[in-house]
*Asks:* 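Can you read through this structure? Questions will come right after.
Indexing begins at 1, ligand by ligand and atom by atom, following the structure's order. Heavy-atom basis, side chains included; hydrogens, waters and symmetry copies ignored.
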Amino acid sequence: MQKQDLLYAGKAKSIYKTDDPNFMVMEFRDDTSAFDGEKMEQLDRKGMVNNKFNAFVMQKLSEAGIETHFESLLNDNESLVKNLEMLPVECVVRNRAAGSLVRRLGVDEGAELNPPTFELFLKNDALHDPMVNTSLCVTFGWATEDQLADMKRLTLVVNTVLSELFKSGGMILVDYKLEFGLFEGRIVLGDEFSPDGCRIWDAETLNKMDKDRFRQGLGSVIETYEEVGRRIGIEF
Ligand code: UDP
């Protein structure tokens, strides 16, 4: 597979065309952003760590029967992925209250959420990713009712698989965000799963082991990502 022109550069990843229109190269850069790009830094080894983290998790999800866009690791910073037609909607599941849920509803950080919640957000930096619902998605054509039902079902299967995986490493999967796209008409998991897009706490100390370390200036960001990875069996 031959890597070709840059197609799109996001805040932390770049996407390149290949000579096969069905596949793309996803490059994980060291760039780290928070607050819709207001806080930006380069963190040494971050691209490599997130690339390998994502590859490992996507393979676990694939083994559990979830179709993902991940094909193979190409090198430290790049993976080969399927070319999905992405839907502009983010799916968020929460097992504990944190982040925007705490800010929005005034509940205590860490409160257990039973059953876990499922939320939809529109991908739109200028509008700060507003919360939406099924009705708005269908009316504005961001996704169909059936696609949204598939996304919700798959997002909750991911919760079962990954909550267990992180638990085995002495950690709590607090919340996470997933993005889906269409491949040959099917809903397929895209984007990435890494400590950039989820919250993970140590089960004993409740220490934050995810991008909140960067957002809140807690330090040791990438060292902690690697610690999370090692605990679930990733070799960097
Ligand atoms: N998240 C993300 N990208 C976004 C928004 C949220 O990866 O654009 C992740 C975030 O890291 C967390 C979960 O989705 O794991 C829920 O985020 P929340 O709604 O609490 O918003 P935040 O506090 O991150 O602003």
*Asks:* Verify whether one side chain among Arg29 and Ser14 offers a donor that lies under 3.5 Å from an acceptor in the other.
*Replies:*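 The answer is yes; a qualifying pair exists.
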
*Asks:* Using a strict cut-off of 4.0 Å, indicate which atoms of ligand 1 neighbour a heavy atom of Gly99.
*Replies:*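 Matching atoms, with element in brackets: 20 (O), 23 (O).
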
*Asks:* Is NZ or CZ of Lys3 both nearer than 6.0 Å to the six-membered ring centre of Tyr16 and within 45° of the ring axis?
*Replies:*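 Yes, a cation-pi geometry.
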
*Asks:* Applying the salt bridge (Lys or Arg N to Asp or Glu O under 4.0 Å) test to Asp175, which of Lys211, Arg94, Arg96 qualifies?
*Replies:*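 Answer to the salt bridge (Lys or Arg N to Asp or Glu O under 4.0 Å) test with Asp175 among Lys211, Arg94, Arg96: Arg94.
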
*Asks:* Check the hydrophobic clustering (I, L, V, M, F, W, Y; side-chain heavy atoms under 4.5 Å; chains of links allowed) and say if Phe193 and Val188 are grouped together.
*Replies:*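 Per the 4.5 Å side-chain linkage, Phe193 and Val188 are not co-clustered.
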
*Asks:* Identify, by atom number and element, the atoms of ligand 1 in contact range of Arg94, meaning under 4.0 Å from any of its heavy atoms.
*Replies:*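 Under 4.0 Å from Arg94, ligand 1 has these atoms: 16 (C), 18 (P), 19 (O), 20 (O).
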
*Asks:* In ligand 1, which numbered atoms sit nearer than 4.0 Å to a non-hydrogen atom of Arg215?
*Replies:*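 Those atoms are 10 (C), 11 (O), 24 (O).
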
*Asks:* Should one rank Lys177, Arg199, Glu179 by closest heavy-atom distance to atom 16 (C) of ligand 1, which comes out on top?
*Replies:*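 The option holding the nearest heavy atom is Arg199.
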
*Asks:* Do Leu156 and Val93 make a side-chain contact, defined as non-hydrogen atoms from C-beta onward lying under 4.5 Å apart?
*Replies:*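 In short, these two side chains touch, coming nearer than 4.5 Å.
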
*Asks:* Regarding Tyr225 and Asp196, is there a side-chain donor-to-acceptor distance under 3.5 Å anywhere?
*Replies:*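 Side chains of Tyr225 and Asp196: pair found under 3.5 Å.
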
*Asks:* Under 4.0 Å from a heavy atom of Gly197: which atoms of ligand 1 are those, numbered in the order shown and with their elements?
*Replies:*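 The list of qualifying atoms is 7 (O), 9 (C), 11 (O), 15 (O).
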
*Asks:* Cation-pi check, Lys39 to Phe214: give yes when NZ or CZ is under 6.0 Å from the six-membered ring centre and within 45° of the ring axis, no otherwise.
*Replies:*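 Yes.
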
*Asks:* Please list, in number order, the atoms of ligand 1 under 4.0 Å from a heavy atom of Cys198.
*Replies:*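 The atoms of ligand 1 under 4.0 Å from a heavy atom of Cys198 are 11 (O), 15 (O).
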
*Asks:* For Ser100, counting its heavy atoms only, list the atoms of ligand 1 lying under 4.0 Å from any of them.
*Replies:*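 In order of number, 18 (P), 19 (O), 20 (O), 21 (O), 23 (O).
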
*Asks:* Sort out for me which residue in Glu27, Glu192, Glu78, Glu179 forms a salt bridge (Lys or Arg N to Asp or Glu O under 4.0 Å) with Lys13.
*Replies:*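 Going through the options one by one, the only one that passes is Glu192.
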
*Asks:* Number the atoms of ligand 1 from 1 as they appear, then name those within less than 4.0 Å of a heavy atom of Asp129, with their elements.
*Replies:*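 What qualifies from ligand 1 is 8 (O).
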
*Asks:* Where is the nearest protein heavy atom to atom 15 (O) of ligand 1: which residue, which atom, and how far?
*Replies:*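 Residue, atom and distance for the closest contact: Asp175 OD1, 2.6 Å.
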
*Asks:* Applying a strict 4.0 Å limit to heavy atoms, is Asp196 in contact with ligand 1?
*Replies:*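 The answer is yes, since Asp196 has a heavy atom less than 4.0 Å from ligand 1.
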
*Asks:* Of the side chain and backbone of Glu90, name the one, both, or neither that has a heavy atom under 4.0 Å from an atom of ligand 1.
*Replies:*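 The answer is the side chain.
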
*Asks:* I need the nearest protein heavy-atom contact for atom 25 (O) of ligand 1: residue, atom name and distance, please.
*Replies:*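 Nearest protein contact, heavy atoms only, for atom 25 (O) of ligand 1 is Arg103 NH2, 3.1 Å.
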
